[in-house]
Amino acid sequence: MANFSKSNVPQFSVEVYQNEFLPEGGREVNAIVTVTSTGGGTTGGIPLAGSTPSPTYGPGQGPDAAVVLMVDCSGSMDYPPTKMRNARDATAAAIDALREGTRFAVVAGTHVAKDVYPGDGRLAVADQQTKARAKDALRKLSAGGGTAIGTWLRLADRLLGAAEVDIRHGILLTDGRNEHEAPEDLRAALESCAGRFTCDARGVGTDWEVKEVTGIAAALLGTADIVADPAGLAADFTRMMENAMGKEVADVALRLWTPVGVEIRFVKQVAPTVADLTGRRTEAGPRAGDYPTGSWGDESRDYHVCVLVPEAGIGQEMLAARVSLILPDPAGAGAPQTLSQGLVRAVWTDDMVASTSINPQVAHYTGQAELAQVIQQGLDARKSGDFDGATAKLGRAVQLASASGNQDTAKLLSKVVDVVDAATGTVRLKAKVAEADEMTLETRSTKTVRVKK
């Protein structure tokens with residue numbers, strides 16, 4: 001395990017968990033790569049239960065950061081009127097959580113995007129006066145118009161792109177479907193913004209489209225969630241902003257180098273959420289590719305790497321892959337920095353016990369990835385009227401959640417199905433399910449639990 005330490009860059013470490021032994025003719029090699037960054041916090045990168053720790057900085061301290069808050073101001077935000085008021089209050093609470101010196105702006109989103117603070121096409125610098133002015137501007141926001149989220153993201157990108165900062169982040173709130181632009185317009189905006197800033201997305205109420213909100217967060221390497229009751233927005237926005245303020249380094253890439261003859265099957269983040277990074281590879285020299293991981297503070301994440309190696313005889317061994325954490329040179333002139341590194345190995349043996357045992361971390365996260373998949377499949381089947389298919393998939397989800405100790409997901413599943421026997425996955429679909437409960441399960445289906453070590 002290698003480490004890299006430098007002022008204003010957290011210390012990163014990489015640990016590889018795998019069973020490197022293959023039977024004769026075996027080709028598939030699986031490894032769980034745990035990446036930990038230890039920054040200004042005090043937890044050594046280990047997440048605290050129910051919270052994300054963030055470092056405490058004095059005024060003007062910490063990495064340079066810029067944040068754009070995108071607030072849905074479409075007509076539907078007036079139904080009920082408390083929704084718009086709660087959105088204004090939540091945005092004000094997030095502004096209060098800004099670290100002094102952070103650049104920021106507020107964008108009102110309808111079928112067009114409007115820079116409402118500071119309003120001159122630039123970012124304000126957070127201090128007592130600018131925060132107070134921003135909250136004054138929020139009080140004047142009213143609901144009216146349609147929803148075209150791609151325009152909000154493009155304006156946020158223009159504002160953030162003009163700032164010479166280390167961390168660029170967006171927070172987006174919507175209460176409705178993206179009905180006033182074509183789906184391809186939103187996709188094009190996401191492709192344009194990907195890699196330029198990260199973004200957390202929230203759906204408030206139950207009239208928005210889960211796949212739209214989770215798709216925004218996935219494309220921009222942020223988090224997605226539902227706030228079914230608008231009264232919970234302020235607490236959620238404060239947590240999001242505190243998390244954003246805890247980020248210390250951006251644009252970290254997971255670089256995978258493989259020898260000649262090795263094929264990459266997939267690269268996935270598997271904790272704290274499942275996210276498939278396979279299709280997001282960018283080439284980084286001979287037989288090497290970079291997979292984006294976004295911004296890091298004091299935290300730990302797990303990745304599942306699966307490769308196919310050439311067949312080899314008993315007693316042979318090889319390096320199947322080298323995993324490195326890479327920080328690009330911010331000026332683009334020098335070589336990127338290698339923050340940490342780990343090795344994935346393959347060893348062929350005729351010891352059947354060694355070659356057939358599954359590494360506990362690999363087994364756990366294979367189950368967590370399947371859990372996310374069968375929840376989505378089960379809910380889609382339920383919506384389409386395939387109740388037998390939905391029962392089978394959601395029953396399997398209950399079984400996986402129970403076996404892995406994923407209690408949060410088990411609780412969400414119990415609001416959609418009646419659990420007869422969790423161990424066997426025997427369930428009955430509930431006759432009536434609250435829309436908020438179904439949307440919460442779908443939105444949070446990719447959240448995982450860490451493997452028990």
Side-chain angles (χ1 to χ4, degrees), residues 30 32 176-177 183 201-218 223-229 232 265-266 268-276 278 302 304 306 358 360-452:
N30 288 276
I32 298 300
R177 293 172 177 83
R202 294 294 184 269
V204 59
T206 57
D207 293 328
W208 49 280
E209 183 63 48
V210 171
K211 287 180 173 59
E212 281 179 355
V213 170
T214 56
I216 291 165
T223 64
D225 207 350
I226 178 175
V227 185
D229 181 354
R265 286 201 62 198
F266 60 77
K268 296 177 182 176
Q269 178 182 289
V270 287
T273 58
V274 176
D276 194 342
T278 313
D302 292 332
H304 187 171
C306 179
I358 301 176
Q361 277 87 353
V362 172
H364 174 83
Y365 286 123
T366 300
Q368 293 291 287
E370 185 190 354
L371 173 59
Q373 183 180 46
V374 292
I375 289 173
Q376 292 288 333
Q377 291 171 340
L379 292 175
D380 287 345
R382 186 178 177 279
K383 288 174 189 172
S384 68
D386 177 9
F387 299 121
D388 288 343
T391 302
K393 294 293 184 184
L394 294 173
R396 175 62 175 154
V398 166
Q399 186 181 34
L400 288 165
S402 173
S404 64
N406 195 331
Q407 295 176 351
D408 289 344
T409 299
K411 286 177 187 172
L412 296 175
L413 281 161
S414 70
K415 295 183 178 182
V416 177
V417 296
D418 291 315
V419 179
V420 179
D421 185 348
T424 61
T426 305
V427 302
R428 287 190 298 266
L429 292 183
K430 287 185 181 290
K432 289 187 178 179
V433 177
E435 192 172 15
D437 289 336
E438 185 175 10
M439 291 177 71
T440 301
L441 175 60
E442 185 176 1
T443 305
R444 298 179 184 171
S445 62
T446 59
K447 291 182 185 291
T448 58
V449 289
R450 301 300 292 271
V451 65
K452 298 171 187 172

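Sequence positions, counted from 1, serve as the residue numbers for this chain.
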Worked check of side-chain contact (heavy atoms from CB on, under 4.5 Å) between His304 and Asn30: CA-CA 7 Å; His304 187 171; Asn30 288 276; 2.9 Å; yes
Listed partners of Lys415 passing side-chain hydrogen bond (donor to acceptor under 3.5 Å, both in side chains), at least two apart: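 Listed in chain order: nothing, the list is empty.
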If every non-hydrogen atom of [X] is compared with every non-hydrogen atom of [Y], which pair is closest and at what distance?
| X | Y | result |
| --- | --- | --- |
| Thr424 | Thr426 | OG1-OG1, 2.8 Å |
| Lys430 | Ser414 | CE-O, 2.9 Å |
| Leu413 | Ala401 | CD1-CB, 4.3 Å |
| Gln368 | Ser404 | NE2-OG, 2.7 Å |
| Tyr365 | Val270 | CG-CG2, 3.5 Å |
| Ile226 | Thr443 | N-CG2, 3.9 Å |

Which residues pass the side chain to side chain contact (heavy atoms under 4.5 Å, CB included) test with [X], sequence neighbours left out?
| X | answer |
| --- | --- |
| Ala381 | Asp386, Ala390 |
| Asp408 | Asn406 |
| Thr273 | Gln269, Thr446, Lys447 |

Pair Arg382-Thr391, side-chain donor/acceptor within less than 3.5 Å: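 Their side chains do not contain a donor-acceptor pair, so the 3.5 Å distance test is not met.
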Under the salt bridge (charged side-chain N to carboxylate O under 4.0 Å, His left out) test, residues paired with Asp276 that sit two or more places apart: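 Testing Asp276 for salt bridge (charged side-chain N to carboxylate O under 4.0 Å, His left out), a comparison that skips the adjacent residues, returns none.
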Neighbour count above 12 (heavy atom, 6.0 Å) for Lys411 NZ: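 At most 12 heavy atoms, drawn from other residues, nucleotides or ligands, come within 6.0 Å of this atom.
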Heavy-atom check, side chain of Ile32 versus side chain of Val451, under 4.5 Å: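 A side-chain contact under 4.5 Å is absent here.
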CA sep, side-chain torsions, deciding dist, call: Gln373, Val274, side-chain contact (heavy atoms from CB on, under 4.5 Å): CA-CA 10 Å; Gln373 183 180 46; Val274 176; over 6 Å; no
From [X] atom [atom1] to [Y] atom [atom2], the distance as rounded to the nearest 0.5 Å:
| X | Y | atom1 | atom2 | value |
| --- | --- | --- | --- | --- |
| Thr440 | Asp225 | OG1 | CG | 7.5 Å |
| Arg450 | Asp302 | CZ | CG | 4.0 Å |
| Arg428 | Leu394 | CZ | CG | 14.5 Å |

Ser402 side chain to Val398 backbone, donor-acceptor under 3.5 Å: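 A pair under 3.5 Å: no.
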Side-chain donor or acceptor of His364 paired with backbone N/O of Val449 under 3.5 Å: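 Yes, the answer is positive, given that a donor and an acceptor are paired below the 3.5 Å cut-off.
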Any pair counted as salt bridge (charged side-chain N to carboxylate O under 4.0 Å, His left out), so long as it reaches residues 206-216, sequence neighbours left out: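 The answer is Arg177-Glu209, Lys211-Asp380, Lys211-Glu442.
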Check against side-chain contact (heavy atoms from CB on, under 4.5 Å), Gln399 and Arg396: CA-CA 5 Å; Gln399 186 181 34; Arg396 175 62 175 154; 2.9 Å; yes
